[in-house]
Amino acid sequence: MDLNSWTPDDNARRFATLIATASAVFTFLALWLGAGWNPLLALLLAAVDAVLIWAVARVALRAYFRR
């Protein structure tokens with residue numbers, strides 16, 4: 001795969017996925033182990049967190065990579 005052929009939108013999508021995944025794992029562990037929440041509830045909120053972070057990060061990174 002030629003990494004130089006990625007478009008700014010491709011880069012934004014891939015980096016936003018990495019950021020959202022890391023955020024979801026952190027949220028899940030913090031709620032489950034740190035706050036003592038039910039693991040299923042913590043997993044649900046981590047998934048919601050990932051979706052929100054992905055949407056915001058993708059927009060921000062797309063604007064950054066297109067400049």
Would you call L40 and L44 a side-chain contact if the rule is heavy atoms closer than 4.5 Å?
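SC-SC contact between L40 and L44 ruled out.
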Can you see which heavy atom on [X] is nearest to which on [Y], and at what distance?
{"X": "R66", "Y": "P8", "answer": "CG-CB, 3.7 Å"}
{"X": "T17", "Y": "T21", "answer": "O-OG1, 2.7 Å"}
{"X": "A24", "Y": "A46", "answer": "O-CB, 3.4 Å"}
{"X": "A50", "Y": "A20", "answer": "O-CB, 3.4 Å"}

So which pairs with a foot in residues 16-38 pass salt bridge (charged side-chain N to carboxylate O under 4.0 Å, His left out), sequence neighbours left out?
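Sorted result for residues 16-38: empty, none.
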Once salt bridge (charged side-chain N to carboxylate O under 4.0 Å, His left out) is applied, what residue pairs with a partner in residues 40-59 remain, sequence neighbours excluded?
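Every salt bridge (charged side-chain N to carboxylate O under 4.0 Å, His left out) pair that includes a residue of residues 40-59, provided the two are not neighbours, is D9-R58.
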Give the cluster check for L41 versus L31: same hydrophobic cluster or not, with ILVMFWY residues linked at side-chain heavy-atom distances below 4.5 Å.
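Linked, L41 and L31 end up in one cluster.
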So if you build clusters from Ile, Leu, Val, Met, Phe, Trp, Tyr with side-chain heavy-atom gaps below 4.5 Å, do L45 and F28 land together?
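Cluster IDs for L45 and F28 differ.
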Got a sec, which hydrophobics cluster with I53, joining ILVMFWY side chains under 4.5 Å apart, including via others?
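Taking Ile, Leu, Val, Met, Phe, Trp and Tyr as members, I53 shares its hydrophobic cluster with F15, L18, I19, L61, Y64, F65.
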Can you list the other members of the hydrophobic cluster that holds V48, where links are side-chain heavy atoms under 4.5 angstrom apart?
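V48 clusters with L52.
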Would you please name every residue forming a salt bridge (Lys or Arg N to Asp or Glu O under 4.0 Å) with R13, sequence neighbours left out?
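R13 satisfies salt bridge (Lys or Arg N to Asp or Glu O under 4.0 Å) with D10 only.
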Summary of side chain to side chain donor-acceptor pair (under 3.5 Å) pairs that have at least one residue in residues 34-48, sequence neighbours excluded:
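Found none.
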